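Source: prediction; values computed, not measured.
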Amino acid sequence: MKTVNAKMRELGEKRSVIREIFEYAKKRSAEIGAENVFDFSIGNPSVPAPDCVNEAIERIVRETPSVLLHGYTSAQGDAGVRKTIADYLNDNFGTSLTADNLYMTCGAAAALTISMHAVAKAGEEIITFAPYFTEYKVFAEGAGCTLTALPSDEKLLPDFGALEKAISAKTRAVVINSPNNPGGMVYGEDVLRKLAAVLEEKQKEYGTDIYLIADEPYRELVYDAGTVVPYVMNYYKNTLVCYSWSKSLSIPGERIGYIAVNPAMEDWQIVYAAVCGAGRSLGYVCAPALLQRVVAACIGMTSDISVYKANRDLFYDALVSYGYDVIHPDGAFYLFVKALEEDAYAFCERAKKYELLLVPGDDFGVKGYVRIAYCVAPDTIRRALPAFEKLAKEYRDGTK
C-alpha cells in the first residue's frame with residue numbers, strides 16, 4: 001500500500017457534506033431527470049452574472065496583447081487592479097488602503113487559508129462562532145492550528161461571555177462571517193464594537209496580537225431597508241478582510257478574490273509580508289490574470305440580487321406556514337431551519353424520499369438544524385414547496 005499523508009488522504013476520500021450532497025444530486029438527476037430533483041445543497045448562484053462581466057472579458061481579450069493577456073502578474077496581483085480595488089474600498093468605507101495592502105487570491109477559500117497561515121503558528125488557536133462555514137476547520141487544521149467554535153445566542157450572534165472565557169494566550173485569530181453562511185445574520189455596528197472591545201482587552205491582558213479575519217463573500221447580499229454590513233476595518237485595527245466576487249458577480253467557478261490588510265494596523269507591512277509569504281509557501285501566487293482585470297472593470301457591480309430577496313420571502317413564508325421553525329436571514333442566500341426531529345442527518349435522509357436535498361447543520365457546528373440554499377431558480381422553489389408541506393405533514397401525523 002502506498003505511503004501518503006494520512007490526513008490528506010482522509011480529506012480526499014471524504015468530501016465536505018455539502019459536496020457529498022451536491023454530487024448525489026448530480027447522480028440522482030441523471031437517474032430521474034434534473035427537473036425532478038430539488039437540490040438545495042450548494043451556494044451556486046442561479047442569477048446570471050451582470051452584462052459587464054462578459055463585456056469586460058470580450059473587451060480585454062480583444063484589446064490586450066497576448067503576452068499580457070495570459071502572462072503572469074506580480075505574485076500578489078496586478079498593481080493596477082489592486083489600486084482600483086483599494087480606491088473603491090476607500091471611497092465606500094473611508095479606509096486608507098493602497099495597492100500594497102491588497103493580495104489577489106483564487107477566491108475567499110484561498111484568502112482565508114493564506115490569512116490563517118500568515119498570522120498563526122502551529123499549535124495556536126483560531127476561534128469562530130457557530131454556525132460557521134464547514135471548511136474553516138479544514139483551513140485552520142491545515143495551518144496546524146485548532147479551530148474552536150463558540151456558541152451564538154438565540155439570534156445567532158456571538159456569545160461574548162463565551163468569547164471572553166475562551167480566549168487564551170494561544171488564541172491568534174477570530175474568524176467572523178457576515179452576512180453569514182449558513183445563518184444569514186448580519187453583524188451590526190453594536191456587535192462589532194463589542195467584539196473589538198473584547199479583543200482589545202485580551203490583547204492587553206496577554207500581550208499578544210489577536211487578528212480578526214472577516215470572511216465577506218456575501219457582503220452585497222442584503223435585502224431589507226436599513227440592513228447595513230459595517231466595514232470591519234473601521235472597528236478593529238488588527239483586521240484582515242477576505243473577499244470573493246463569487247456571489248456578488250455570480251462567478252463562483254472563476255475563483256477570484258483578495259485579502260485586504262488594514263493599513264491602520266501597527267506594523268501592517270510585516271503582516272502583509274507574512275500574507276505574501278504564506279501565499280508563496282502554499283503556491284497561491286498570481287491569481288488568474290484575466291479575471292483580475294475583469295473584476296477591476298466590474299468594480300461595484302452586482303448580479304440581480306432582487307431575485308434572492310424574492311426567493312427568500314417566498315421560501316421563508318411558505319415554510320413557516322407549514323410549521324417549520326426558520327431563522328429569518330438578513331443576508332446571504334441560505335435558510336437555517338430547525339429539523340423536524342433531533343437528528344438532522346435522519347431528517348435529511350427522510351427528505352430525500354421527496355427528492356429534497358438539504359444539508360444537516362452538524363458540520364456547521366449546530367445540531368438539529370438544516371441549511372437550505374435558496375440561490376436557485378424561483379420555479380425550483382415553487383415546485384418544491386408541496387414536497388416540504390408533505391414532509392411536515394408526515395412528521396405531524398407520525399407516519400413514514
Does [X] use its side chain to pair, donor to acceptor, with the backbone of [Y] at less than 3.5 Å?
X: K237; Y: P263; answer: no
X: S178; Y: V186; answer: no
X: T380; Y: V376; answer: no
X: N90; Y: L97; answer: yes
X: Q76; Y: Y103; answer: no
X: R172; Y: D209; answer: yes
X: N177; Y: P179; answer: yes
X: T84; Y: A296; answer: no

Salt-bridge contact [X]-[Y] (side-chain N to carboxylate O under 4.0 Å):
X: D100; Y: R82; answer: yes
X: E355; Y: R28; answer: yes
X: E201; Y: K204; answer: no
X: E394; Y: R350; answer: yes

Note to self: For the OG atom of S41 and the CD1 atom of I18, what is their distance to the nearest 0.5 Å?
What the structure shows: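 Between S41 OG and I18 CD1, I get 8.0 Å after rounding to 0.5 Å.
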Checklist line | Separation of I299 CD1 from S248 OG (nearest 0.5 Å) | finding: 9.0 Å
Check: If you draw a 6.0 Å radius around NZ in K121, do more than 12 non-hydrogen atoms from other residues or ligands fall strictly inside?
Finding: no
Item checked: salt bridge (Lys or Arg N to Asp or Glu O under 4.0 Å) evaluation trace for K155 with D330 -> CA-CA 11 Å; K155 295 181 180 179; D330 294 315; over 6 Å; no
Is there a side-chain contact between [X] and [Y] in this structure, where contact means two heavy atoms from C-beta onward sitting under 4.5 Å apart?
X: Y308; Y: V47; answer: yes
X: N92; Y: Y88; answer: yes
X: I176; Y: D215; answer: no

Check: Between Y258 and W245, is a side chain to side chain contact (heavy atoms under 4.5 Å, CB included) present by the stated rule, with each step listed?
Finding: CA-CA 9 Å; Y258 64 76; W245 281 272; 3.4 Å; yes
Next item on the list: Compute the centroid of each ring, for F40 and then for F315, and state whether the two points are separated by less than 6.0 Å.
Entry: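 Yes; F315 has its ring centre under 6.0 Å from that of F40.
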Next item on the list: Determine whether the aromatic ring centres of Y354 and F38 lie less than 6.0 Å apart.
Entry: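 Between F38 and Y354, which both carry aromatic rings, the centre distance is not below 6.0 Å.
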Check: So D190 and K194, salt bridge (Lys or Arg N to Asp or Glu O under 4.0 Å) or not? Walk me through it.
Finding: CA-CA 6 Å; D190 58 335; K194 289 178 185 176; 5.0 Å; no
Margin query: Determine whether R62 and E58 satisfy the following criterion, salt bridge (Lys or Arg N to Asp or Glu O under 4.0 Å), listing intermediate values before the conclusion.
Written below: CA-CA 6 Å; R62 184 174 62 250; E58 291 172 2; 5.3 Å; no
Check: Between Y206 and K170, is there a cation-pi geometry (under 6.0 Å to ring centre, at most 45° from the normal)?
Finding: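 Geometry flag: not set, cation outside 6.0 Å or 45°.
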Item checked: Partner residues of Y334 under the ring-ring contact (aromatic ring centres under 6.0 Å, His included) criterion, sequence neighbours left out -> Y218
